[in-house]
There are 2 protein chains.
Amino acid sequence: MVNAQKNLPLNIMPLPAKVERGDGSLKIDASFHLAFVGYREPRLERAGQRFLHQVRKQTGIVLLPASTNTGAATLEIKTDHESKAIQEIGEDESYWLDVTSSGAKLHAANPLGVFRGLQTLLQLIAISPDGFGVPAVHIEDRPRFPWRGLMIDSGRHFIPLDVIKRNLDGMEAVKMNVFHWHLSDNQGFRTESRKFPKLHEQGSDGLFYTQEEIRDVVEYARDRGIRVVPEFDMPGHSTAWFVGHPELASGSGPYQVERQWGVFDPAMDPTDEKTYKFLNEFIGEMARLFPDQFFHIGGDEVNGKEWDANPKIQAFKKSHKIKDNAGLQAYFSGRVQDLVTKHKKTPVGWDEVLVPGVPKTIVIQSWRGVDALAAAAKSGYRGILSNGYYLDLGWSAARHYAMDPLGGPAAALTPEQKQLILGGESCIWSEYVNAENIDSRIWPRNAAIAERLWSPEGTSDVASMYQRMETESARLEWLGLTHLSYQRVMLQRVAGSWSPAEFDALRALAQALEHEKDYAREASASAPPTSLTPLNRLVDAVYPESDVSRRFSLTTDLFVGSSCQDRVREAEIRTQLTEWMTVDERLQALAQRSLLVKEAAPASAALSQAAKIAMNALDAIQKGAALSADQKKLQLDVLSALEQQAHKSQLTLPELPPFQRLVEAAATGGVCAK
Amino acid sequence: MVNAQKNLPLNIMPLPAKVERGDGSLKIDASFHLAFVGYREPRLERAGQRFLHQVRKQTGIVLLPASTNTGAATLEIKTDHESKAIQEIGEDESYWLDVTSSGAKLHAANPLGVFRGLQTLLQLIAISPDGFGVPAVHIEDRPRFPWRGLMIDSGRHFIPLDVIKRNLDGMEAVKMNVFHWHLSDNQGFRTESRKFPKLHEQGSDGLFYTQEEIRDVVEYARDRGIRVVPEFDMPGHSTAWFVGHPELASGSGPYQVERQWGVFDPAMDPTDEKTYKFLNEFIGEMARLFPDQFFHIGGDEVNGKEWDANPKIQAFKKSHKIKDNAGLQAYFSGRVQDLVTKHKKTPVGWDEVLVPGVPKTIVIQSWRGVDALAAAAKSGYRGILSNGYYLDLGWSAARHYAMDPLGGPAAALTPEQKQLILGGESCIWSEYVNAENIDSRIWPRNAAIAERLWSPEGTSDVASMYQRMETESARLEWLGLTHLSYQRVMLQRVAGSWSPAEFDALRALAQALEHEKDYAREASASAPPTSLTPLNRLVDAVYPESDVSRRFSLTTDLFVGSSCQDRVREAEIRTQLTEWMTVDERLQALAQRSLLVKEAAPASAALSQAAKIAMNALDAIQKGAALSADQKKLQLDVLSALEQQAHKSQLTLPELPPFQRLVEAAATGGVCAK
């Protein structure tokens, strides 16, 4: 039994740099307790308490207060020295974990490494034939990149404090270390400013974070070894500033909080000295509120229309010999960077801030691509990759996982240039994301990105990644994340009142579908969605990546790969297709009662009809009746049309490729169509 | 369409006293806003904010701050006057709700009626073919009983504050108005005492409520029209007091926090004046902390062993001519009641406090039965029923629903005597209940008890009750209750790492089973469980009442009732049996990996084997091959044995009766076995 256990894969995510399995395992029971040796501080004690709390949750074991335990600690945590008072990029996060049947030892240079190691240990606790335990193991681990971030957009939809905190818990679990907080945009200014209270009072619909709350988040993050980098996007993406402070804008105002999504005209006036006077005071206030060394000034997507329409600005351009709006933005950007530097912070900005002559201190966050990032590094700029890590686009975990900050042209950089690529950040932009479904848009896919940024270069087994991600996904709900549990509640709302059979059909539909990818949702909606559009529809409730579909696709691959001989897979495919074929019929009555179900009818019909085509193909394979070329083409055309039909509900049919494979297999003259 | 909607049942629970349906419906959209007229107070404003918050949750509709809305309010709330500063029993809770397509009006004498009416309105908001709306309706409603309570036992397992609060939200939703808080028992003293801090410091393992937290709960409850009645159980059930204050006990000590469950020897010394001096100060402190008029002194289950063993107490009995321990308890009880009265509170006690000569002011809470309650009323005592409402016993909602405080012998009371029966209280004793699964042990069944206590006498349609309870159950998760979502997380822990197919099998098993009823769990456990026993097993994760089983039973009834001719039902039965038949096999590998799955193997095997017997019976019916009397007896015997086998995992097989019905149907010479 010991050996059988030893062969089970370890569910650690991100994968550590080095793992050696041992024999036996450490039992976890009510006598479990831990002790700190070496350097100590209250933050370590709190981490210990959090660890024990999590052990209780994961195992259900009752752990009494430490005072009741005597004898040697089950877990000894040794810390060499303190970490920086304000966490810095590049601090040592390495740790060393040794588990034997008699105890566990965790050793790290400083508290950051302890935090990372404790998360690894938590992931190793599992039920076994003998109860809860940790397999014997020796781990030496350290991150590949020093900047491993998640950006949350609190501007477009306000994200409540408790949601922010549980996502920090999730970040800690997967060893991310930067929370990039996008705090202002056209649709909302979300930070209390005591110097300029009209910013949040008039620019937020009352939905903002107080400075006390922000300090609380910073402290909460610091406890987890996470830096908080604030972003105040300027000179564009700034309409919400202008509601209370129209004098900052390049237009004449008055301004309202923007309700639409997109790129808008309002932009700060880069030619007026009072803009910089205001920003100096504002940045000063925020620089004191956010202790991190880095300060994000945005800088993306200025369309220049307000500048073009303002004669004073045009005159300024002429008198200062600025030839275009890019030059004007460069001028603004340079002035703001000076202010950030003056307040002793290092500026970060999106790609657009990288223009000739910009100081080398700035860090470039690339949303445009790895090419831009590599080019920046070649020019001596530090950078972080976000292109390829936009979680709101609905990509698969595998697709995010394939993106590497040092991939593509960056692979050809010199070692010194590679050092300038600090890591990456996943981003969740919140047009279609609110407190209810944000967790599901971040997790579990964010764990794949976290692994890309932590684990050694070349970590690339996608099957292993998905297996570990599934386990980690379940664990994350113990931390309070709701990326799995949100769905039933949202589907209940969609359904209204239902029979169990109807609800099963609705869930089967929801779990077979994904929301539209990239920026298609804006394009396909009948009326452009706004910040007032309820996010209460099936498209808001489905998972971005369908597990059910992914598994069906794998099963189909195995079946077709077996020359259609694998009867077990065939039966699985048939069972699944049978369920999908009946979904539309089972939802007919409910669609008559609920507008929200009715809206999903095109997708529902598409799934059921497409499943019937796949079933016909399977029947043809079984009967050995190969489809003709014409039949094949017709079936594939219908499948494509049905996939398009699902878009009417802003949904996609991720089963299209496996359905196509079945039709193609049915058309072969070979073994598949006997 | 309007008429079709009109015929749908309204999902109101508890059912109102009077409901008249109208034509059309009131649309709920982003323009929804409400206005208060008449009497106003901050508590009403907060109720309005809570209502809007809940509308947002139920519909997903974005409701901007009220200031942005102009025009007539969608909902006008008229309140005639204030309610009592400290909520009293018997205050007017009636309301009047009128919804038309042009608006809603809620009218109540005082804020309590407003709270009740808002909950009714929330239950009426539903998705329709036109979007979210409320059907036109006229409701006049008032409660049948003035005391409609839920008791939570925080003594045996500490129940965290947030869990208490979300259960108060649930109580508000079903119009319960008394939170009875069982705050001390042998296993824990859960209230901070500033006069006697050793009580909570030494008697709680550090798990207690601070006075600030208690005041917060009292305020939270008052906001919802709920009274908070504290209980400090004495003279028995009090070991935890004695850890810090052994001088109160009748034995010599020292005492430890009790870890076992049951009735124990330690009891307060009723013969020592310092006991009463202590209790006078303690009750005084608690009487100030808890503003409610009523104060519960427990008084149950004193075994008298410490009294018998103490010569001083025996001498006291002799010198005071007290003939037995019941007399001694009566003496103690009388003294404590005097103290409670002195501190201007009305005492409440369990049945045992009712002895000849006890003052008529005391309220009797009956755990022994409706007979005792009726007898008390005949003697002029006020009473509340809890017998039949013990949620921890795992009864079906229907069984609780059938219990009526005015049923049985109480039906024969005079109208004046009936007035003395104030209502009832459901109770959740927490031997096998903790923060993780308590919601599932209370909800949704507590809604059936709430309906029994609110709705008019004779409200008794069980099918309607279950239908509405299911809808309400889904709604309750919007309030933050976790009685549905807890299960997946607990099953994940049981399973450890799993394939989706394995997890489906485990869920199918869990949802087919129920935990043992009444007090069987103690008896059948191999080692007596204690407060240190982890509640992490399948028995802790299953629902107390299996929906799946209840539906299967109904389907079987319909099938057998159709003389086994109903082919649709037959197919449903066959599908369900097929799933159950394979559960055990599908769990074999997982049981090898997880001790917690392995422990459930007897139940798993029992379900699958019993389902096979039922399937054989169904096959026999289909083939027209009647079972012989011997075959029938054998099959029924095996089914009973299998049901017993499930008890090895502390589980029951609620499918036993429908399986038996199938075997019996297969044995008839009539139509069923053709």
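Everything quoted here is computed from the prediction, not taken from an experiment.
For B:Glu436, the part sitting under 4.5 Å from any heavy atom of chain A is the side chain, from C-beta outward, and nothing else. Contacts between B:Glu477 and chain A at a heavy-atom distance below 4.5 Å involve the side chain alone, from C-beta outward. For a residue to count as touching a neighbouring chain, one of its non-hydrogen atoms must lie under 4.5 Å from one of that chain's; by this rule B:Ala474 touches chain A with backbone and side chain alike. For B:Arg537, no part lies under 4.5 angstrom from a heavy atom of chain A. Of the two parts of A:Leu207, neither the backbone nor the side chain holds a non-hydrogen atom closer than 4.5 Å to a non-hydrogen atom of chain B. Interface residue B:Leu596: backbone and side-chain heavy atoms are both found under 4.5 Å from chain A. When heavy atoms are compared at a cutoff of 4.5 Å, A:Thr482 does not approach chain B at all. Interface residue A:Ala495: only backbone heavy atoms are found under 4.5 Å from chain B. For B:Val494, the part lying under 4.5 angstrom from a heavy atom of chain A is the backbone only. There is no contact between B:Ser499 and chain A, counting heavy-atom distances below 4.5 Å.
When B:Leu535, B:Ile61, B:Asn11, B:Thr59 are compared by the number of non-hydrogen pairs under 4.5 Å with chain A, B:Thr59 comes out ahead. Residue with the most contacts toward chain A among B:Asp547, B:Leu532, B:Asn434: B:Leu532 (heavy-atom pairs, distance under 4.5 Å).
Remark: side-chain polar atoms of B:Arg493 are paired, donor with acceptor, to backbone N or O of A:Lys57 under 3.5 angstrom.
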